[in-house]
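Input: a single structure, listed below in structure tokens.
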Number of protein chains: 2
Amino acid sequence: MTNRKVVSFENIKVACKNCSLSTLCLPMGLSPEDVERLDTIIKRGRPYHRGDHLYRGNDKFHSLRVITSGSVKTYTPNEDGGEQVLGFHLPGELIGLDAIQDNHHNCSAVALETTAVCEVPFSQLESLSSLMPSLQHQMYRLLSREIGQETEMLTLLGKKSAEERLATFLLSFSERFKQRGFSPSDFFLSMSRHEIGNYLGLAVETVSRLFTRFQDEGLLQVERKHVQLLDLPRLYDIVQGTDSIKSNQSRV
Amino acid sequence: MTNRKVVSFENIKVACKNCSLSTLCLPMGLSPEDVERLDTIIKRGRPYHRGDHLYRGNDKFHSLRVITSGSVKTYTPNEDGGEQVLGFHLPGELIGLDAIQDNHHNCSAVALETTAVCEVPFSQLESLSSLMPSLQHQMYRLLSREIGQETEMLTLLGKKSAEERLATFLLSFSERFKQRGFSPSDFFLSMSRHEIGNYLGLAVETVSRLFTRFQDEGLLQVERKHVQLLDLPRLYDIVQGTDSIKSNQSRV
DNA sequence: TAAATGACTTGATCCTGATCAATATCATCT
DNA sequence: AGATGATATTGATCAGGATCAAGTCATTTA
């Protein structure tokens, strides 16, 4: 019990200026003094465990959240008890932006593994951004980027084949892991096949079959949640729609 | 030639404070003095004709635009020459928000009919919003609303049947026309069947067949672009997924 | 260590909506 | 008014991926 203090959450608090994620996060592009000011409003609480909710649809909105470690799934519960997965979020990513519009959450966010976050009380952020044009600018950029990302997702769901969807999904993680200093070709996915399928508008079975097919084609090696991408160029070809593994399939 | 002046575009300029759309638009929630200040940066140019581009993907971004009359389609040209329609925009709606992130347009916007817009130079808007907290707040809200709307579209494309998609589409227009003081049940769609299908992730033929089926079921009356919604409650049922016209189809 | 539970995989079949093909209708433009 | 090309409708067929149904594997619980 005495060693509790050593790992107490107070001790793991980190300031933005010392945070490795600051180049991906709100402080991006801010002067050191501005980062200090931003830091004063940020709250760092205890980690969430797998399955814990950061917030739920209909909760009153008070803070944006930045993932600092772990990963988070956002989703909207839909009428008939099911859910639509809206995104998977990695360290450095800001969530809750959709709640600004009417001051309450429209979707839910749940930790997929042990996850730490910074909370950014929005009313304070708003006041601060009035005083700090660079912060205001960064907020506009982040909101706009979110819109752009959702737009890409619309294109994916509107037009792309199952194969293109999964390849896009895998490469998105590849790139995001790489940005964060991890291997772009060897990583663990923290979500289930079911969640992947839901996110991509595919049935679980289709996702499972695609993993198998991609593996048979030598594009990747998969062992449950552990994925190793073996042929990134080919995966990029698939995303573009300029390549398909089907031809090879039928040749065999 | 002499009567040119009478209808010259100079004469149709309108200030925000006199504009019927101000409750839907940027000035929403601003004090009269703030609206005046906002008005000073807004440019009102000559109308676009059907097929004219307001901007194209890759254009440098300088202004947000508010539709004041007519309608606009936004789309991303994709690799293989095709396009993905991202949205249809009616008077009062703000477009170009996705371009803030990196100062250039990622999608194109084209007039579907004779269309007038207000241009809002973004750098000026940004400066002004630093000075006017209520304007900043409104910007955050509008950006967040856009995110929320795209989220709804993700759910539509990820899970809904063709029938649910078209019903959702029609009711979206119904509500938006109603907000603008037009009939919610009798309107003209300015886009082609092809564009509707593209937007909803459906083939043209499917859209055409659905219109026919909806008409046969007495849900609506359609004559090319002229649509009359005859049974709004039933259409809402279809959107919820709690109703389907298929049962009736097979009964006949 | 066994049983139970949940996640994943694999196979067989079905169905929605895509694609292909043939008109039909509309909007321009001389 | 008639010719032309775009747009829309309708029909027939096809296929991608969903659904249904077992079965396998992994992890937790007892």
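Here is the naming used below: chain letters follow the sequence lines, and residue numbers restart at 1 for every chain. For the numbers below, each heavy atom of this structure counts, side chains included, while hydrogens, waters and symmetry mates do not.
In this structure, Arg213(A) places its CZ atom 20 Å from P of dC8(C), rounding to the nearest Å. Distance Lys225(B) NZ to dT7(D) C1': 8 Å, rounded to the nearest Å. Following rounding to the nearest Å, Leu210(B) (CG) and dT16(C) (P) show an atom-to-atom distance of 12 Å. Between the CZ atom of Phe211(B) and the P atom of dT7(D) there is a distance of 16 Å, given to the nearest Å. In this structure, NZ of Lys160(A) is placed 18 Å from C1' of dG17(D), rounded to the nearest angstrom. With rounding to whole Å, Glu163(A) atom CD is found 13 Å from dA18(D) atom P. Here dG17(D) presents its P atom at 14 Å from CD of Glu205(A), a figure rounded to the nearest Å. Here the C1' atom of nucleotide dG17(D) and the CG atom of Leu157(A) are 14 Å apart, to the nearest Å.
Across all strands shown, Ala162(B) has heavy atoms under 4.0 Å from sugar-phosphate atoms exclusively, and none from any base. Within 4.0 Å of Lys159(A), counting heavy atoms only, lies no atom of the nucleic acid at all.
Applying the salt bridge (charged side-chain N to carboxylate O under 4.0 Å, His left out) test to residues at least two apart or on different chains, the pairs with a partner in residues 166-176 of chain A are Glu93(A)-Arg176(A). Pairs engaging residues 66-78 of chain A under the salt bridge (charged side-chain N to carboxylate O under 4.0 Å, His left out) rule: Lys73(A)-Glu83(A), Lys73(A)-Glu195(A) [sequence neighbours left out].
The pair Arg213(B)-Glu163(B) counts as a salt bridge, with a side-chain nitrogen and a carboxylate oxygen less than 4.0 angstrom apart. Of the charged side-chain nitrogens involved, none lies within less than 4.0 Å of a carboxylate oxygen, so that Arg193(B) and Glu205(B) do not count as a salt-bridged pair.
Taking all atoms of both residues into account, the shortest heavy-atom contact from Asn106(B) to Asp98(B) is OD1-O, 3.3 Å.
Contacts between residues 189-201 of chain B and DNA chain D, defined by a heavy-atom separation under 4.0 Å, are made by Ser192(B), Arg193(B), His194(B).
One distance of note links CD1 of Ile147(A) with OG of Ser144(B); it measures 9.0 Å at 0.5 Å rounding.
Here the side chain of Ala203(A) is nearest to one of dA18(D), dG17(C), dA18(C), namely dA18(D).
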Counting primed atoms plus P, OP1 and OP2 as sugar-phosphate and everything else as base, spell out the protein contacts along nucleotides 24-30 of chain C at 4.0 Å heavy-atom distance: B, S or - for each nucleotide, 5' to 3'. -BS----

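Regarding contacts with the backbone of dT9(D), a side-chain N or O of Ser208(B) is found under 4.0 angstrom from either OP1 or OP2. Contact annotation: Thr212(B) reaches the phosphate of dT10(D) (side-chain N/O to OP1 or OP2, under 4.0 Å).
Donor-acceptor pairing under 3.5 Å, judged by distance alone, is present between the side chain of Arg209(A) and the base of dG11(C).
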Return all side-chain donor-acceptor pairs below 3.5 angstrom for residues 218-227 of chain B, not counting sequence neighbours, or 'none' if the list is empty.
from	atom 1	to	atom 2	distance (Å)
Gln221(B)	NE2	Gln215(B)	OE1	3.4
Lys225(B)	NZ	Met191(B)	O	3.3
His226(B)	NE2	Asp186(B)	OD1	2.7

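Between the side chain of Thr168(B) and the main chain of Leu166(B), no donor-acceptor pair closer than 3.5 Å is present.
Applying the side-chain contact (heavy atoms from CB on, under 4.5 Å) rule to Ser108(B) yields the partners His53(B), Arg56(B), Tyr75(B), Pro77(B); only residues at least two apart in sequence or on another chain are considered.
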